[in-house]
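Written below as structure tokens is the structure these notes are about.
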Amino acid sequence: GYNGTGTLTVANSGYVDARGTDYGGVGLYIGYNANSTANVTVTGYDPSDPDNIYSELNVDRGATVVGYLGNGTLTVANGGAVGLGGSDESGFGLYLGYDANSTGNLSLGYWTWLGVNDGATVVGYNGTGILTASNGAEIGMGGSDESGVSLYIGYGANSTGTVTVSDVANIDAADSQTQLSINEGGAAIVGYDGSGSLTVANGGNVDLSTLSASFGLSLGYDANATGNVTVADVADFNGTYYQSELDLSGGALVVGYNGTGNLVISNGGFVYADGFDGDGYGMYIGYDANSTGTATVTGVEPNSEDISKLIVNENALIVGGAGNGTLAISNGGDVEVDASSNGIGAYLGYNANATGNITVADVANVSGDYFISELDINSGALVVGYNGAGNLVISNGGYVYADDSDSNDIGMHVGYNAGSTGNVTVTGFELNSETPSKLEVDYGTLIVGTGGNGTLTVVNGTVTSALLFAMQS
């Protein structure tokens with residue numbers, strides 16, 4: 001597809017190996033000029049071949065560009081494989097949607113594989129990029145650019161990048177979740193300077209467990225960027241249930257770095273944040289001064305009864321670092337914080353001008369079984385208003401459980417440092433399950449107004465503290 005329409009099909013154990021590059025370091029263009037349309041299909045293997053050799057496209061040197069100035073589509077189906085072993089001078093190995101008016105579309109279906117072995121993957125560089133993996137496909141990313149980033153979704157200011165990972169398939173008599181994994185090194189950014197979206201659905205799996213960057217996954221990186229991540233649903237595959245899952249085991253999870261970040265975990269989705277940054281924090285919601293971060297954990301999958309869940313397993317959770325952060329837990333959702341930083345498991349309103357909000361509300365009724373929306377702080381104290389403003393609202397049967405303390409045996413602070421403001425409200429009673437809203441500080445003292453201004457309001461709710469309820473000015 002140079003100026004017109006181009007088609008390349010690799011089928012029935014066919015093999016194409018591209019070994020050259022142009023002066024810009026690109027080995028393959030699909031949709032070169034503005035009015036061009038190009039389609040490349042890699043599909044199937046020869047069933048009569050005893051070795052079952054896959055159809056394969058291999059780009060041995062240079063970057064691959066799907067949609068350079070025109071429109072490009074790369075389709076991998078029915079056992080096809082694509083290996084990308086090169087990168088350009090910028091350190092990018094795969095572009096989808098290079099120019100502002102271009103569209104690059106890459107889709108992987110049943111029993112397919114994509115390996116990006118050198119350089120970063122960019123879905124939406126300046127244009128529109130779409131990457132879709134389904135039905136047991138596997139994507140492996142083993143390279144990064146000079147900044148140590150392996151995956152950008154929505155790179156340029158006007159770009160749009162969309163990545164979807166979904167479904168479970170039966171491959172070689174075994175169930176296989178569709179998977180995207182970063183195999184070594186770099187970070188992932190959803191919404192670098194543009195608009196990025198990552199959706200993990202219907203049993204899909206995204207594995208970012210080998211990242212070494214300080215910030216492993218960032219949503220909404222630059223001031224005008226927007227990054228959205230959705231992890232939703234449970235797949236029922238031949239009677240076995242598979243949760244949609246995002247695993248991050250290297251670097252912190254940041255929802256709203258300098259821009260706007262949104263994380264939604266729903267209908268049984270699961271996110272496991274097991275990394276931390278250089279300051280020892282595991283997850284930020286609203287990192288920098290102009291950022292806005294929102295994380296929503298909501299719902300129970302009715303058939304499997306898997307709850308939507310977020311686990312912060314390696315160091316503290318910060319809601320409102322220097323910007324505005326909101327964590328909303330509802331309709332049976334669950335958030336666990338299993339590690340602390342400096343004796344504190346969760347901070348609401350970390351810096352002086354920051355605002356951190358947490359709401360925990362509702363009880364889900366699934367076929368007569370009740371699931372309480374819950375926040376568990378299992379390591380370190382809970383601080384509502386550290387240097388800035390913190391607000392915690394527990395309503396309609398929600399439950400917050402603080403099970404540890406800081407080095408001074410204080411389990412919860414409301415208004416920690418001078419100039420801070422902390423507000424806690426416990427209110428309401430879920431009628432169907434007869435569940436009161438509840439705050440339980442099981443270990444250590446609950447202090448309202450440690451060094452700042454603190455308010456605790458209880459209306460038709462319950463507050464319990466294992467040791468001492470105290471107030472200081």
Side-chain angles (χ1 to χ4, degrees), residues 276 279-286 310-322 325 327 329 334-360 374-394 398-427 436-459 461-473:
F276 58 92
D279 294 322
Y281 300 113
M283 180 176 178
Y284 297 88
I285 304 174
L310 166 65
I311 295 179
V312 183
N313 191 58
E314 191 70 35
N315 293 16
L317 165 68
I318 296 179
V319 182
L327 171 60
I329 308 166
D334 184 84
V335 174
E336 290 184 13
V337 179
D338 294 332
S340 59
S341 303
N342 303 315
I344 297 174
Y347 300 81
L348 282 67
Y350 186 89
N351 283 350
N353 296 315
T355 299
N357 301 300
I358 293 181
T359 60
V360 185
E374 190 167 336
L375 169 64
D376 297 316
I377 309 298
N378 297 319
S379 178
L382 170 60
V383 177
V384 182
Y386 183 68
N387 288 301
N391 301 288
L392 171 62
V393 177
I394 308 165
Y399 178 53
V400 173
Y401 181 60
D403 190 35
D404 200 10
S405 67
D406 61 15
S407 59
N408 295 314
D409 288 333
I410 299 172
M412 182 173 178
H413 300 267
V414 184
Y416 186 88
N417 283 322
S420 66
T421 301
N423 297 292
V424 176
T425 302
V426 185
T427 182
S437 302
K438 188 173 183 179
L439 167 63
E440 183 175 357
V441 182
D442 194 53
Y443 186 85
T445 306
L446 166 60
I447 297 184
V448 181
T450 307
N453 298 312
T455 302
L456 173 61
T457 303
V458 184
V459 180
T462 300
V463 175
T464 63
S465 179
L467 295 178
L468 175 67
F469 181 85
M471 298 185 69
Q472 299 178 0
S473 60

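In what follows, every heavy atom counts, from backbone to side chain, and hydrogens, waters and symmetry copies are set aside.
Side-chain contact check for Glu314 versus Asp338: every heavy-atom pair is 4.5 Å or farther apart. Using a 4.5 Å cut-off on side-chain heavy atoms (C-beta onward), Leu392 and Asn357 make no contact. Between Thr464 and Lys438 there is a side-chain heavy-atom pair separated by less than 4.5 Å. With contacts defined as side-chain heavy-atom distances shorter than 4.5 Å, the pair Glu336/Leu310 does not qualify. Between Met283 and Asn313 the shortest side-chain heavy-atom distance does not fall below 4.5 Å. Residues Ser437 and Ile394 are in side-chain contact: their nearest non-hydrogen atoms beyond the backbone lie under 4.5 Å apart. In this structure the side chain of Thr445 never reaches within 4.5 angstrom of the side chain of Asp409, judged on heavy atoms. Put simply, the side chain of Thr462 reaches to within 4.5 Å of the side chain of Pro436, judged on heavy atoms.
Minimum heavy-atom separation, Ser340 to Ser379: OG-OG, 3.2 Å. Of all heavy-atom pairs between Val424 and Leu439, the closest is CG1-CD2, 4.2 Å. Smallest separation of non-hydrogen atoms from Val384 and Asn423: CG1-O, 3.8 Å. Of all heavy-atom pairs spanning Ala381 and His413, the tightest one is CB-CD2, 4.3 Å. Scanning both residues, Ser420 and Gly415, for their nearest heavy atoms gives OG-C, 3.4 Å. For the residue pair Leu446 and Val463, the shortest heavy atom distance occurs at CD2-CG1, 4.0 Å.
Checked against side chain to side chain contact (heavy atoms under 4.5 Å, CB included), Ala354 has the following partners two or more places apart in sequence or in another chain: Asn351. Under the side chain to side chain donor-acceptor pair (under 3.5 Å) criterion, Asp404 pairs with no residue, sequence neighbours left out. With sequence neighbours excluded, the residues forming a side chain to side chain contact (heavy atoms under 4.5 Å, CB included) with Glu374 are Asp334, Asp376, Tyr399, listed by chain and number.
Put simply, CD1 on Ile358 and CG on Asn391 are 10.0 Å apart, with the number rounded to the nearest 0.5 Å. With rounding to the nearest 0.5 Å, the separation of CD1 in Ile447 from OH in Tyr416 is 9.5 Å. Ser407 OG to Ile344 CD1: the interatomic distance, rounded to the nearest 0.5 Å, is 9.0 Å. Atom OH of Tyr443 sits about 10.0 Å away from atom CG of Asp403, to the nearest 0.5 Å. Interatomic distance, CG of Asp406 versus CG of Asn342, reported as 10.5 Å (0.5 Å rounding). Here the OG atom belonging to Ser341 is positioned 10.0 Å from the CG atom belonging to Leu317, to the nearest 0.5 angstrom.
Between Tyr281 and Tyr350, the ring-plane angle classifies as perpendicular under the 30° and 60° cut-offs.
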Chi angles and distances behind the side chain to side chain contact (heavy atoms under 4.5 Å, CB included) call for Thr450, Asn417: CA-CA 7 Å; Thr450 307; Asn417 283 322; over 6 Å; no
Verdict with reasoning, Val393 to Val426, per side chain to side chain contact (heavy atoms under 4.5 Å, CB included): CA-CA 6 Å; Val393 177; Val426 185; over 6 Å; no
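Inspection of the Asp442 and Tyr401 side chains reveals an N or O donor paired with an N or O acceptor under 3.5 Å.
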